[in-house]
Amino acid sequence: MIKLWSQFFIPTLKESPADAEIISHKLLLRAGLVRKLGGGLYTYLPLGLRSLQKITQLCREEMDAAGALELWMPHLHPVEFWQEGPRWTAAREIMYRADSAGQQSAGRRPSPEPEFVLGPTHEEIITPLVKSEITSYRDLPKNFYQIATKFRNEIRPRYGLMRAREFVMKDAYSFDADDAGATRSYRAMEAAYTKFFARCGLKTISVEADTGVMGGSFSHEFMVPAEVGDDDVVFCEECGYAANRQKAVSGLVPADLKDAAPTGAVEEFPTPGIVTIAALEAAPYSVPADQQFKTLLYVGDGKLFAVVLRGCDDLAEAKLGALGFNLFRPATPEEIIPIMGARPGSLGVVRGTIKNPGALAGIFADHAVRLIGNGVTGANRDGQHLRNVNVARDLAITKFDDFRSVREGEPCPKTGRPLRICRAIEVGHVFKLGTKYSEKFGAVYTDDQKQSRFMIMGCYGIGISRTLQAVIEQCHDADGIAWPWNVAPFQVLVVLLDPMVPAAAEVARKLAAAAEAAGADVLLDDRNERPGVKFKDADLIGVPLRITVGGRGLKEGIVEMKWRTEKDVAKVPLAEAEARVRAAVAGAPAR
RNA sequence: CGGGGCGUAGCUUAGCCUGGUAGAGCGUCUGGUUUGGGACCAGAAGGUCGCAGGUUCAAAUCCUGUCGCCCCGACCA
């Protein structure tokens, strides 16, 4: 159906509302795609909904093509499912509670827990379903997905749809009989994601990622490079290595590194009031940050442990996940002092200086600390530090591993070329979960040897509404949005400059009909507005192909065709117009 | 949750410091003139100045509290 602008609803704005910060958020509002209801809550207006539905449909097509099966799960989850799951403690903080007010006020349900929570994702729902419905290897593998609203109590919603409290997500869950199958399922989703984002007109890169509270063995994120992104992506231009900074590794520490020879015995020296790396770097101490030991204390599953880094390095907290703790957090001074003997700022892990070493669950050091020779660390006495500290001789390290955050310019682990870093928006994430959920919920099947085995799971998310905004972030210019063909709310806009002239209206109507017959979604601007208003609005809402029909052109016997992303305006003789429109529409998706 | 900022008409905002009639631009409505890149003229409607207390003869303005929103940090698609 051709839509008439005068009867549609596109409330464009000349100025953007003050609470929009980034360009895609401003354009969402200015082009009349969405309106804000509250923080992180948006209404999709008719124009915005059209794009959202196109993205949804593309996603559905790629998921179906990959063999996934669409279903629909409730958003209101009985809290028991989450309480029985493996991540209740971590997940409850981001979940909205839903109680029945009537029952509460009647005093029939004095429980401190809610009856229901609003679903932030659905592992806890799909796994019990599959557990009860699938019991044989003959029914595996299976991959179920849905495209639905998710609710997360984001600590800080921001940037419009980019990080919202309520958002549209495609979530898929695969169940396999064995590890090889699970890997195949994972690869199939990766391939489907690549196709999907390409069809949306988005340039994405796939990067190695951290599994976070989701758990699982490995994971990739699909990233849209953008200054406004929340993530840092580390990549090598030569070999294609790409990873989230939380996960990325560099070749900074040579594998054959020889530890420096000690130049003297460990020696304590006074450092009154010095509690930062920077202060020790300054005169009179003048110890370079890369020759200082940074000692951080964390609490993992209730036990204190230490992490040692070079003073110049930052901890990539996600890498602590490799230590096997379910939940960890920085320790407080109250927890640290009785065990270490000093306040943060004077800590160290030199043998014999820790007040109560038995209370530590471990001392973990980043590989890069081995680059330090005769370095400086805290003495575990306030206002005192130690010099001539050497890793092999003086420190009691439980385990070396990679804990530091990579910095731009460090050598790629494979090629040695300098690594680069860019900001990016995460639009998709695939996880190989393993058996974390199937074990917890008892999702087992019987194999061909009559053996009972846990299903191997994977889960796969795409931020549908976030993708919508990422497209705008990537496809716009100073005048407005420039939609890729496949996700444009309308693909052809016929601008009728003289709606009161019957001959012009007739030409416009015919060209609109031709475009529609060729398969395009068509909007006809029949408003009785001045040409300037119509052109400005056309650029703002970003319809890919614009056809202008006006009295001036008709006198010359032409109409105009213009692509949103190009400067040129083609003057098309009336006699050829319909054919040219059909040809343009037919060739458009390949542009 | 910590730090910073802002709440005045549908949108953008002035006024607040130094208390005394709430002002503009855009948008909307009416009439007219216009009509190829956000027109012009004339007129009109639209505000409990986020909310609640307090100080004062008098509060948008000062004080206290509260709510909401935005930005910076940790979490996530």
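Predicted model only: the values in this text are computed from it and were never measured.
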Indicate, yes or no, whether a donor-acceptor pair under 3.5 Å links the base of [N] to the side chain of [X].
X         : N       : answer
Arg552(A) : rG37(B) : no
Glu560(A) : rG36(B) : yes
Arg546(A) : rG37(B) : yes
Arg165(A) : rC76(B) : no

Just to be sure I understand the rule, does [X] reach a base, reach only the sugar-phosphate, or reach nothing, if contact means heavy atoms closer than 4.0 Å?
X         : result
Glu221(A) : nothing
Lys36(A)  : sugar-phosphate
Asp171(A) : nothing
Tyr193(A) : nothing

Does the structure show Phe167(A) stacking with rA77(B), if we require the centres to be closer than 5.5 Å and the planes to be within less than 30 degrees of parallel?
yes
Interatomic distance at C1', rG31(B) relative to rG50(B), whole Å
38 Å
Could you tell me whether the phosphate oxygens of [N], OP1 or OP2, come under 4.0 Å of any side-chain nitrogen or oxygen in [X]?
X         : N       : answer
Arg156(A) : rC1(B)  : no
Arg158(A) : rG73(B) : yes
Lys14(A)  : rG25(B) : no
Tyr145(A) : rA77(B) : no

Taking only nitrogen or oxygen atoms into account, show me every contact under 3.5 Å that the protein makes with nucleotides 29-34 of chain B, one pair per line with its distance.
unit_1: rU34(B); atom_1: O2; unit_2: Arg530(A); atom_2: NH1; d: 2.6

More 5' along RNA chain B: Val168(A) or Asp537(A), using each one's nearest nucleotide?
Asp537(A)
First of Lys534(A) and Ala20(A) reached from the 5' end of RNA chain B, by closest nucleotide
Lys534(A)
Might you work through the side chain to side chain donor-acceptor pair (under 3.5 Å) test for Tyr193(A) and His220(A), ending with a clear yes or no?
CA-CA 11 Å; Tyr193(A) 276 33; His220(A) 285 82; over 6 Å; no
Examine the side chains of Lys150(A) and His122(A) and answer whether a donor and an acceptor come within less than 3.5 Å of each other.
yes
Please round to the nearest 0.5 Å and tell me the distance separating atom SG of Cys59(A) and atom NZ of Lys195(A).
13.0 Å
Any sub-3.5 Å donor-acceptor pair from Gln246(A)'s side-chain atoms to Ala318(A)'s backbone N or O?
yes
Is the Tyr173(A) to Phe431(A) ring centre distance short of 6.0 Å?
no
